[in-house]
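So the structure is just underneath, and the comments pick up after that.
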Amino acid sequence: MPDEEPTSIWMLPERQERSGPGRRPGYSREQITRKAVQIADAEGVEATTMRRIAGELGTGAMSLYRYVPKRDDLFDLMIDMVMGEIELPGGPSGDWRSDLSLVAHRVRAAGLRHPWLIALLTGRPTLGPHLLRVHEFALGALDRRGLDIDDITGFVGMLDDYVHGAIRREIGWLEEARRTGMDPERWKRDYIGPYVRQVVESGAYPLFSRSLLESRTAHLPPAERFQHGLDRVLDGIGVHITHDLACPGHSAGKDGGAKPSCPKPRATP
């Protein structure tokens with residue numbers, strides 16, 4: 001493809017074509033993206049090329065570039081199609097903790113259904129309409145709670161970092177299990193277990209040893225372990241919300257004075 005000025009796929013109108021006698025069949029971005037998602041789910045995102053998608057659709061790769069100009073555009077469309085699977089209410093409920101928990105769990109579910117999603121999400125900025133819808137909901141959960149916009153976006157980013165990292169670890173275990181044919185428990189017991197016992201018996205790493213011998217969360221099922229970490233992230237956010245609502249002068253403005261947005265104290269939902 002010739003070099004062109006970079007333009008977001010979201011600013012390019014969808015090509016409208018009709019099929020007719022003697023004409024090649026027309027396609028749509030949705031058709032192409034759905035096929036790409038199916039391939040990525042089955043074989044990984046590396047297998048998702050225009051040539052492969054074209055072969056699955058029974059056409060030439062060059063014909064698809066009329067609909068999706070670049071592979072990066074395809075990735076943006078794939079991310080947004082999956083984010084479209086995340087069902088949320090029309091707006092936050094007023095219970096910020098419940099709303100952020102809902103987002104976290106539904107993003108986790110989407111990430112486990114589509115193991116390539118988190119790698120693409122954390123590797124490239126993308127602002128498709130479905131992703132923006134989810135992000136706006138999360139931001140809205142923290143709005144009007146005595147936080148400025150930097151606090152709101154920072155806390156939502158912190159939540160995203162936790163959720164994405166937790167999903168990456170969980171997917172890593174699942175991929176290792178598929179690769180080795182061993183589930184996580186067998187991997188710990190039979191593969192890494194003998195070496196870990198040697199490390200513990202050496203006494204050289206006492207805190208690491210405690211984390212193995214005394215930790216409760218390390219032995220929780222994945223969903224419970226995810227919830228345990230999520231609760232700690234939300235607890236941290238809650239401290240700042242309570243502080244800001246209690247004010248006055250918790251956060252100083254640039255001139256050293258109290259934030260003008262600091263409200264009168266009120267109860268946190």
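Computed over heavy atoms, backbone and side chain alike; hydrogens, waters and symmetry mates excluded.
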Using the side-chain contact (heavy atoms from CB on, under 4.5 Å) rule, take R186 and T180 through it: C-alpha gap first, then chi angles, then the decisive distance, then the call.
CA-CA 10 Å; R186 185 182 166 201; T180 63; over 6 Å; no
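- Applying the 6.0 Å contact sphere to CD of E214 captures more than 12 heavy atoms from other residues, nucleotides or ligands.
- Contact check for V107 versus I167: side-chain heavy atoms found under the 4.5 Å cut-off.
- Atoms CE and OG1, on M78 and T33 in that order, are 8.0 Å from each other to the nearest 0.5 Å.
- Considering every non-hydrogen atom in both G140 and P92, the closest pair reads C-CG, 3.6 Å.
- Taking the six-membered ring where the residue is Trp, F155 and H240 present tilted rings, their angle falling between 30° and 60°.
- Side chain of R232 to backbone of G229: no donor-acceptor contact under 3.5 angstrom is found.
- A donor-acceptor contact shorter than 3.5 Å is absent between the side chain of D73 and the backbone of V68.
- Under a 3.5 Å cut-off, the side chain of S211 and the backbone N or O of F208 do form a donor-acceptor pair.
- Between the side chain of R71 and the main chain of M50, no donor-acceptor pair closer than 3.5 Å is present.
- Linking ILVMFWY side-chain heavy atoms closer than 4.5 Å, directly or via other members, places W10 and V82 in a single hydrophobic cluster.
- Between the side chain of T153 and the backbone N or O of D150, at least one donor-acceptor pair lies under 3.5 Å.
- Smallest separation of non-hydrogen atoms from L12 and P69: CD1-CG, 3.8 Å.
- Between A36 and T48, the shortest heavy-atom contact is CB-CG2, 3.5 Å.
- Pairs passing the salt bridge (charged side-chain N to carboxylate O under 4.0 Å, His left out) check and including a residue from residues 102-116, sequence neighbours excluded, read E85-R113, R108-E170.
- Residues H164 and R168 have side chains that never bring a donor and an acceptor to within less than 3.5 angstrom of each other.
- From I241, atom CD1 reaches atom CG of L147 across 5.5 Å, with rounding to the nearest 0.5 Å.
- Legend: residues meeting side chain to side chain contact (heavy atoms under 4.5 Å, CB included) with Q38, ordered by chain and number and at least two apart, are R34, K35.
- Heavy-atom minimum distance, P129 versus D80: CD-OD2, 3.1 Å.
- In terms of heavy atoms, P13 sits closest to R29 at O-NH2, 3.3 Å.
- Linking ILVMFWY residues whenever their side-chain heavy atoms come closer than 4.5 Å, directly or via other members, leaves L132 and M81 in distinct clusters.
- When hydrophobic clusters are built by joining Ile, Leu, Val, Met, Phe, Trp and Tyr residues whose side-chain heavy atoms come closer than 4.5 Å, directly or via intermediates, M158 is grouped together with L102.
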side-chain contact (heavy atoms from CB on, under 4.5 Å) between I53 and L74: does it pass, once the steps are laid out?
CA-CA 11 Å; I53 296 166; L74 180 65; 3.5 Å; yes
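- Between R169 and Y162, the closest heavy-atom pair is NH2-CE1, 4.5 Å.
- Note on V196: it clusters hydrophobically with L213, by side-chain heavy-atom contacts below 4.5 Å among ILVMFWY residues.
- W173 and Y195 fall within the same hydrophobic cluster, where Ile, Leu, Val, Met, Phe, Trp and Tyr residues are linked whenever their side-chain heavy atoms come under 4.5 Å apart, directly or through other members.
- Looking only at distances, no side-chain donor or acceptor of R97 sits under 3.5 Å from a matching main-chain atom of G238.
- By the 6.0 Å contact criterion, CZ on R133 is enclosed, its count of non-hydrogen atoms from other residues, nucleotides or ligands being greater than 12.
- Take H114 and apply the ring pair (Phe, Tyr, Trp, His ring centres under 6.0 Å) test, not counting sequence neighbours, and it matches W116.
- In this structure a side-chain-to-backbone donor-acceptor pair under 3.5 Å is present from Q31 to S28.
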Test V45 against F75 for side-chain contact (heavy atoms from CB on, under 4.5 Å), laying out the working first.
CA-CA 9 Å; V45 74; F75 289 160; 3.6 Å; yes
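- Annotation: the span from L220 atom CG to F226 atom CZ amounts to 13.5 Å, rounded to 0.5 Å.
- Put simply, CG on L121 and OG1 on T126 are 7.5 Å apart, with the number rounded to the nearest 0.5 Å.
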Take I237 and R145 through the side-chain contact (heavy atoms from CB on, under 4.5 Å) test and state the conclusion after the steps.
CA-CA 11 Å; I237 295 173; R145 299 187 180 279; over 6 Å; no
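- Side-chain N or O atoms of R51 include none that pairs as donor or acceptor with a backbone N or O of A61 at under 3.5 Å.
- Rounding to the nearest 0.5 Å gives a distance of 4.5 Å between CG of L64 and CD1 of I32.
- No side-chain donor-acceptor contact under 3.5 Å links D76 to the backbone of L127.
- Between L159 and L230 the shortest side-chain heavy-atom distance falls below 4.5 Å.
- The line from CG of L100 to CG of L142 is 5.0 Å long, rounded to the nearest 0.5 Å.
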